[in-house]
Amino acid sequence: MNLISWNTTNLCNMNCSHCYRSAVKTAPDGKILLPPEELTTAQAKRMIEEIAKAGFRIMIFSGGEPLMRPDICELGAFTKSCGLIPVLGTNGTLITEEMAMKLKEAGFSAAGISLDSLSPEKMDDFRKLPNSFDLILRGIENCKTAGIRVQIHTTIMNWNLDELEAITDFAVNVGAGAHHFFFLVPTGRAVEMDHAQISDIDYERAIRRIMQKQKEVPIELKPTCAPQFLRVADQMGVKTRFSKGCLAGISYCIIGSNGDVRPCAYLNNTIGNVKEIAFDKLWKEHPTLQLLRTEEVGGKCGSCTYKKICGGCRARAFYETGNFMAEDPNCLYQAH
């Protein structure tokens, strides 16, 4: 099922250390004007029509913080009217009871809410917002009350590596439907976070821990930006609904707040802009996407027995080598 993300705005009420969009912190005073380069409501609606025409099914409204857009509910409702399923990728802190009901009425069926630690102090320090932990919990509860499915998102770093299973238990306890783990990729502000990166060994171990935890909990667990999880799931006998690791340019892409299109959120390779070319044409014809779809990756990824289901992380390959079709430098596995 094809899914697409749209960074609805680069405005945010947080200033997270790892933000891949380098989102700009600003106060949610209700009078915010979108930066002039960002898509207008009319431009966004045209883009959404083109996304539907391209055969996508799920549209993720992310940011920045998507609730900073005053037209978010209007655009969610329009997305649903085009036959797409609108969902949110949000920090959750702006989801009041009233906002949760508006989102539900607009057609948003799910919200991925970020939670990186069970320590309020660590969350405040990382997200750069006082009382962020309690605000996130409020947002989760308000979504549940409104009938919006909640999915917890956790970015893995060396300082929260020991909390992964505990955060999953928390997700189960609050009634979340899934817990997705994001492995830090150095792009945006995260390029300055070498100190928080985990080692390649811990990368592999973390995937195995998550797959082991999947055997023990009733909700879906999914490592993101770690396509090797399908190889590990196979090795550990873990059943999953996923059949492909790296989706970049194959069944997924992302559109920036200014209309720039990239194969994935962490692959800094802009292939066009929806203000200048129809998205459905870009998705069908662009040479970069066509190359990614060949899945003819290099190095040990190209000779790996798990090539078809994993594919290696194209963003990490690009970051390390400048070639998005090179082998994934973080993978320790070598097929025999």
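Positions are given from 1, in the same order as the sequence printed here. The model shown is predicted, which means the values in this text are computed figures rather than measured ones.
The main-chain N or O of N131 is found under 3.5 Å from a side-chain atom of D124 such that the two form a donor-acceptor pair. At distances below 3.5 Å, not a single donor-acceptor pair connects side-chain atoms of E49 with backbone N or O atoms of A44. Judged by distance alone, with hydrogens and angles left aside, the side-chain atoms of N273 form a donor-acceptor pair with the main-chain N or O of N258 at under 3.5 Å.
More than 12 heavy atoms of other residues, nucleotides or ligands shown are found within 6.0 angstrom of NZ on K307. Atom CD of E285 sits in a crowded spot, with more than 12 heavy atoms from other residues, nucleotides or ligands closer than 6.0 Å. More than 12 heavy atoms of other residues, nucleotides or ligands shown are found within 6.0 angstrom of NZ on K300.
You'll find the ring centres of F56 and F279 inside the 6.0 Å limit. Ring centroid separation for the pair Y306 and Y333 comes in under the 6.0 Å cut-off.
Side-chain contact, E65 with T9: no donor N or O sits under 3.5 Å from an acceptor N or O.
Taking CE from M325 and CG from L292, the interatomic distance works out to 5.5 Å, rounded to the nearest 0.5 Å.
Each side-chain hydrogen bond (donor to acceptor under 3.5 Å, both in side chains) pair with one or both residues in residues 161-181, not counting sequence neighbours, appears once here: S117-E163, Q151-H180, T154-H179, E165-R209, T168-H179, D169-K213, H180-E220.
Look at R138 and E141 and you find no salt bridge, because none of the NZ, NE, NH1 or NH2 atoms lies under 4.0 Å from a carboxylate O. Taking the charged nitrogens against the carboxylate oxygens, R208 and E204 do have a contact shorter than 4.0 Å, which makes a salt bridge.
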